[in-house]
Structure formats: structure tokens, C-alpha cells
Amino acid sequence: MEQEPELIARTADELVGDLNKQQAEAVQYRGAALLIGAGAGSGKTRVLTRRIAWILSQFGAWPSQILAITFTNKAAAEMRERLTALIGPVAQRMWVSTFHSACVRILRRDGKALGLKSGFSIYDSADSERLVKIIATEFNVDIKRYTPRSILGRISDYKNQLIGWRTQLAAYAPDFKPGSRGYRISNFDNVEELYAIIYAEYEHRLAMANAVDFDDLIVRTVELLRDHPDVAEYYRHKFRYILVDEYQDTNHAQYVLIRELAGVDAGESPAPTAMAAGRQGPAWITVVGDSDQSIYAFRGADIRNIQDFEEDFPDAKTILLEQNYRSTQTILDAANAVISHNEGRKPKKLWTAVGKGEPIVGYAADNAQQEAVWVASEIARLHAEENIPYSDMAIMYRANAQSRSLEEALINAGLPYQLIGGTKFYERKEIKDALAYLQAILNPADDVNLRRILNVPKRGLGARAESIVLDYARERGTSFFDALMHMEQIEGMPTRTAKGLKAFRDLMASMSAFARANITKPSEIVAEVLSKSGLLEELQKSVDPQDQSRVENLSQLQSTAAEYEQNTPDATLGGFLETTALVADSDQLPDENEDSGKVTMMTLHTAKGLEYPVVFLTGLEQGTFPHSRSLEDTSELAEERRLAYVGITRAKRRLYVTRAAVRAQWGQANDMLPSQFLDEIPDELIDWKRRETGSERMRTGWGSESDEFGGWEDDDFSSGPTFGGSPYGSSYGSRSGSNSGRWGSAASRSGSSSYGSSSRYGAHSGGTRGGKVSTRHVTPKNGGASGAKSVAVSSLQKDNGLNIADFTIGDLVTHDQYGLGKVVDTQDRGRNSVITIDFGTEGTKRLMLRVAPIEKL
DNA sequence: TGTTTTAGTATTTTT
DNA sequence: TACTAAAACA
């Protein structure tokens, strides 16, 4: 075996000396199967990295014998980093990766055995959906009734369960032959048949296109290991220690993959005296997880994997880590209380030595805007009065759609933030177009990508031209690319179309020649494609301001390629495309030791595995969180509760829980009841800054004399600021990853009455606890006349008395925070006037004049 | 074929 | 509301 000179040997004491008893036991355990039940914040990453180091230094294993699997790329990178610190540069050569990228690696090497050719494409869900749509349409399926997404969802379920298309076909449509032309589905009553047929055809087309989808990465690897003993043998011999993080989120296919890789069922027994995994027998498996943090069941994660671990792996050992090093006792008490409402779980109680800490702060807002404003003002206060850095604070919510009002509030308050999630960089049109070119160059058989770019940018090849080529391809049973190459033989093609197609073919040929000549220089290929294809040119010529940012995105894509090229010794185009295919939201997050200086906003799902000193959990309402689609089903509700558990345990020092009495979802304002999770937190743990909203107080009869009548409907809120034009005009909040004009305008509602069966607030008693209460508001609009507004309103009502007319471009001003600046632009919007100021090194800021802490010089 | 208008529909959560 | 996709029009 090769030498591993960079391996730093660690003594036993260095590895376990500073750990608690359970942690140390987990690190040192000798045995074929270990389950570490790691409660939130119990130091599992630490244990995992130490264990790897332990295996190397004390069991005498080689780094190349270790396979460590995490859930996200970020987690993998972090673990590798920690390992490098612990054992030296040799960690760089270990397999520390996600399920998906590990499988890509295996398939790249050995996929030939399955008929996968080099350069195979990886379809993301959008690509897959396109393909399903194409098939369904061809088969005469009513795609309104059976949406591509729902069909794909079903296919994905099959795959996660390792149910193959042959099985489904045999059971429900034995007469169907994938790839047969002109097939029409006639029997819509038998949905299983419909799914089986589309599933089979989908797989057929994927194979034709030399492509795999996301789920296939796992499934096909399992297939590879099962059907090709030589390949299985290679990996079983190679990986002697397999460690899996977030085991509660694995699905059945991933579970089987682990078993296959480890060779658990291979029937080989270890040497009787083995003190380590050695050379024979199954690899040793360590899994780490927390069944209370299983939040991906909707995606096929099977909580039984972790619950049944001890039955699944003979002689398995379980070690529980229950000491929490992250949060205060108050926060843990809340988390424990909430999760204890889930039935059928193994009892577990987190505890901490940190102490009680601050109470949880609660706030009930009248509506989502007010909730956001209150959160923003509290953040500003914590920063100003308690010196808490913005980067120590995070705002979390159930669904991405909730981020809008929060963003607006943060912008108005002038607070820097970063939003994680939303539309991902690699999912944007222009990026997907560019990537489609690259993919088509690398893998010409890839019909989906080739057809995507046929007329992008516009080159006069529309649906007509496409179908001419396509018909020919289907007739001959070849790929779109093949048909294109033989287009001269197509009869009856209009000259104009032929000309266009030839030009396209030549273009692809020339780019492909360039790519072959520069295959190790992805960034140059990207540059070539962007300019030659005309993608860049089309956008540059465009007058649409959005296209300007698209140009920037494309140039960022090129930088990304260049970066990849520099960091990867054996860079290839294919390698680059892989890195783009397997990114997740959380990958956008800055490193833990890098201070972004910004408040972080993200969904609860994205937040898993992270921690912040201050956490705001927003939207705690029935129907928002727990989500309305989960209210009916106990197991889905249990998952929501686990999500709440995850959210609560992200907080280290301070936790805020907020809700809104009225929330608009897709244009409709709805009355919302408080989340049941709020009731599940012991009351004495929460310090309510505002417990009931105005309308609730009114309706329950308390303080009915108050003049808050209609006060929840405040005009000052509903006519929030409108930032027109490109969001890039504002320098607040670099949205890492997402964007494009999402914050167009603040929700301007007037009158939010919804009609329906009215039920009183407070009707918690009954069995069913509906998501939204439909109540008819007595007051249609025109609030704001009353004097006693809620506390939070004040910040929006605030007015510094400045007048936009008093400012001209070039004026000098001072800002409380940014210092001296020069006015670059003014926009007169009356009360919502906006002023743009260049603060030099502090950047150019767009400020809402009436609240901006500025002074004219 | 390309552009504009209109209509319908969608929101969980993502490797 | 906001985005996408079909439909209508140029």
C-alpha cells in the first residue's frame, strides 16, 4: 500500500481526553455496528471526526478505507476541514461526501457495467419533470389531471423503495413495451397502469439519453453492487469503515446501499479474533442520528432505518449522547416539552450544564408585516443595545414564501441580511441554458438538454422544426442528436428550417471540437459557449433590466468554473458539471468561522445542523407551522413537530417565537390561530411581549372597550415601500443564491375579509383544530384612526420629518451608522420616498427617507 | 416564428 | 399575488 506520510498520529488522550463519558465510549467502540443516538447539540460532529481519527490511529486503518457520508456538501466540507486539522492533509484523500456525490464517483468509475457511458448527464428535478411531461403528452395523458410533478413524485417513491419499472410493468401493464412509437394511454381509470407505463418509458428515455436522475444515483449504484459481484467486491474490500451522519434521514434505497457497500449480507464472516474491521467480513458501520430530527419523510426518508438499527445489524451497540453543549436549559426544556407530544418515540431528555438562561420571548402580531417589523426592530435593538453581531442572529420560517415580508422589514430597518434558499443559482433559466449547452456537448445523446437549447437564443427553430427532427428520430429509434446529424435524409423539410438546423449543428460541432481540445479547462469552455452560442449577446442587447442581472449571473458561472478549475487538480468539464448538479441551499452558507456580518434567513429545513446565539422562529400559526397540509395526518403532524424541535434547538442563548393573527397567502388574507406548538411550550418559559392581538382581544371580549377596533388593519403597513426596478439597486442583503425581483412591492391590502363558516378564536377545545379560521371581519378597511397602536407599529410610523424635496443629487449627508455619504439618487414617492446614498467604503445604500437616520450637511 | 396578452394555478420542506 | 404556459395576434 502507498505511504501516508502526512498522517498525524494522535494519542488516545488527545482524541478522547476532553470528551464526556458517552462521547468517549462512542469514539472508541470496537464492533461491527454502532448507532450513536445524538441529541441536538450533543457534539456529534466532534464525536464522528474523533472516531475517524481513532480508527486511523488506534485501529491502524488507512484513510482510503474510510467512507464518511453526510447529508450536504457543506457538512462534508466541514467534516473534512475538521479532519484535516485533526489528522493532517491526508484527510483530503478520504472519501468524505454526500450519498449522491459518492454514488456519482462510483458510477463514473464503474457505470459502464450498467450501460452508462462516460459523460452521462445528471438530471435535476426540473429536467426530469420536462422529460415526464414530454412522455405524458406523447401518451395522450391529461397533464392537468396528472401533473408531471405528481407523476414524477410517484416514480421517485418507487425508486426510493427500490421498486423497479420492470416489476411495476409486469404487475400493471405487461403488454407495454418501452420505446414503442405512437403509444396512447387509453385507460385512465387504472392509475397504477398509467404510472407503470410512464415509469417504464421514463427509464427507457433516460437510458437512451445516457442520463440518470437524482434518485437513480442511489438506485443504480445499488443495482451495480447487486448485479456485479466483481464491482461489489472491489468496494467492499476498499471501504472497511463506513460512517453515516444524519442517519434518520436515509431512505430505503440509501439503507440498502449502505448494506451492500458494507457487504453485510455477503455471508462472509470476520476473522474470529478480529479487533478491527480488518480484511474479511463486512465493513464496520457507524451511524449517527436523532430520530427526533427526522424531517425528510416527505422525501422518502424512513425513520424506521434508525429505529430498527439494532434489529437490522446483529450485535449492534447503541450509545446515547444526551448532554447538550449548545443551548440554555430554558431552550432545552421547551424543546423537550414540544417533542414529548410525539407518540411512540424512545424517551430522551436533553440536558445542559449551561444554566437556565433568558426566558423565551413571545410576540403575537396582528399580521405578517407587523410580525416582520417587530422582528426587525428587535434585531436592531439587540445589535444596538447588547452588541450582538448580526451574524449571530437567524430568522427561521416554515416555507420560503414567508421570507418576503421579513425581507421588506429588514430593508426598511436598514439591517444587513442574507437569504438562503429560494430559487437556486443553478436553477435559473440563463444558468440552466448555459449548462444545457455544456451537457449537450459532453453527452450529445442527452435529448432533454439538446432540445432545450435548440432555439435558445432565438434562431428561428421553433416547435415546427423541433418536431420534424423529432419525428425522424422516433421513426428510426435514435436520439435527437442522431437525427440532426442525418437531417439531409429528412424529406420535405422547408429550406429555411434546414438552414437553421445546419447552422445549429455546425455551432454545436464547433463548440464540441473546442471542448475536446480544452477538456481540462472548463472555464474556457464556458466562455466559448457563452459567446459563440449567442446567449450572452442576446441578454446584453436586451433592454429588460432583469437581463442585466442575468448577464452577471452568467459571468458568475464562469468565475465558478475558473474557481473549480483552480481547486481541482484533474479538472474536467464533466467534473465541473457534477459540482453544479449536486448543490444544496445550505451550501451557500458561509463557513462557520467566517463572519458574514449579516442576519441569516432561511427555512427550518435548511437550518438543520446549524446553530445561532439568537433565533427567531416566525409564523407559529396553525396552518403555517404546522403546515396546513399536515394538520389532518398524525404522522405528518409528528414530522412538523420534529421540525419545531429542530428549530427550537438551533438557538444557543435566546429564542423568540412569533406569530401573526392574519397572514396573506397567495393574495388572500386569512385569520390564523396560534400554533399548537406554542401551547406545547410550558407557559412559564415564555415571556410574552404581546400575547394577544388586537382583533383577538376584541373577539374574546377582553378589553372590548379598547379603541383598537380595526387597529390591526393599519394603512401604514399596507402601503409599505415599493422598490421598483432591479433589486440589485439596493445593496442591502446580498441574497446569496436567489433572486430576481422578488421583493417588488409590499403587500398592499385593503380590507382582508374572508367569508365562510365563522368560528371563534379560542375554540381550541374541539378535536379538529383547523388551519385557518374563516371569520368575517366587521371592519373592512380604514383602520389607523385609532390612537393606541401596538408597540411595533411605532417604528413604521416613525417619521424623521425629512422631505425628499430638500435633497438634491450631490448633497452631502451623515448617517448614524455609515457616516459621511453623498446623495446619488432621489425618488419622490411621497411618504415612501427613497434616497440613494454613496457611503464610499460602506457602499451605496438605498434608504427609506422617513426612517433613515441621516442628516443633511 | 416571435411577441404580447390572458388565464390558470400554485406553495411545503430538497439531496 | 406572482409566475408560467397556452392562446391570440402581428
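Below, chains carry the letters A, B, ... as their sequence lines are ordered, and counting in each starts from 1.
Using a 4.0 Å heavy-atom cutoff across all strands shown, F214(A) reaches at least one base atom of the nucleic acid. Among the heavy atoms of the strands, none lies under 4.0 Å from K608(A).
We find that CD of E408(A) is positioned 12 Å from C1' of dT1(C), with the value rounded to whole Å. The nearest whole Å value for the distance from the NZ atom in K429(A) to the P atom in dA5(C) is 9 Å. Spacing between atom CD1 of I134(A) and atom P of dA5(C) amounts to 13 Å, rounded to whole angstrom units. If you take CG of D157(A) and P of dT14(B), they are 17 Å apart, rounded to a whole angstrom. Per the geometry, CG belonging to N160(A) stands 16 Å off P belonging to dT14(B), to the nearest Å. Rounded to whole Å, the distance from NE2 on H100(A) to P on dT15(B) is 9 Å. When rounded to the nearest whole Å, the span between CG of D215(A) and C1' of dT15(B) equals 9 Å. One interatomic measurement links the two molecules: NZ of K159(A) to C1' of dT15(B), which rounds to 14 Å at whole-angstrom precision.
Looking at L206(A) and L131(A), their side chains come closer than 4.5 Å, going by heavy atoms from C-beta outward.
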Can you check side chain to side chain contact (heavy atoms under 4.5 Å, CB included) on D213(A) and K159(A), steps first, answer last?
CA-CA 10 Å; D213(A) 68 15; K159(A) 290 188 176 184; 2.7 Å; yes
Is there a salt bridge (charged side-chain N to carboxylate O under 4.0 Å, His left out) between K74(A) and E78(A) once you walk through the steps?
CA-CA 6 Å; K74(A) 182 171 186 285; E78(A) 206 172 298; 3.4 Å; yes
Going through the distances and angles, do K44(A) and D290(A) end up as a salt bridge (charged side-chain N to carboxylate O under 4.0 Å, His left out)?
CA-CA 10 Å; K44(A) 65 168 185 168; D290(A) 178 0; over 6 Å; no
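For F298(A) and dT13(B), the ring-to-base geometry satisfies the stacking test (centroid distance below 5.5 Å, interplanar angle below 30°).
Here the CG-CZ distance, from L461(A) to R451(A), works out to 13.5 Å after rounding to the nearest 0.5 Å.
Of the side-chain N and O atoms in K133(A), one or more sit less than 4.0 angstrom from OP1 or OP2 of dA6(C). Between T606(A) and dT13(B) there is no side-chain N or O to OP1 or OP2 distance below 4.0 Å. Considering only side-chain N and O atoms, N400(A) lies under 4.0 angstrom from the phosphate OP1 or OP2 of dT13(B).
A donor-acceptor contact under 3.5 angstrom links the side chains of S128(A) and Y202(A), judged on distance only. With no hydrogens or angles considered, no side-chain donor-acceptor pair links E538(A) and Q540(A) at under 3.5 Å. In summary, the side chains of Y645(A) and R641(A) do not present any donor paired with an acceptor at a separation below 3.5 Å, with no hydrogens or angles considered.
Of the possible polar contacts, none joining the T147(A) side chain to the K144(A) backbone as a donor-acceptor pair under 3.5 Å is found.
Spacing of P atoms, dT13(B) relative to dT4(C), comes out at 15 Å, to the nearest Å.
In summary, the aromatic rings of H605(A) and F298(A) are positioned with their centroids under 6.0 Å apart.
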Please list each protein N or O that sits under 3.5 Å from an N or O in nucleotides 5-11 of chain B, with the distance.
unit_1: dT11(B); atom_1: OP2; unit_2: R149(A); atom_2: NH1; d: 3.3

Check: protein-nucleotides 1-4 of chain B nitrogen or oxygen pairs below 3.5 Å:
unit_1: dT1(B); atom_1: OP1; unit_2: R464(A); atom_2: N; d: 3.3
unit_1: dG2(B); atom_1: OP1; unit_2: G460(A); atom_2: N; d: 2.9
unit_1: dG2(B); atom_1: OP2; unit_2: N455(A); atom_2: ND2; d: 3.3

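If you check dT15(B), dT13(B), dA6(C) against the side chain of R299(A), the one that comes closest is dT15(B).
Pair check for dT14(B) finds none; no Watson-Crick or G-U wobble contact set falls under 3.5 Å.
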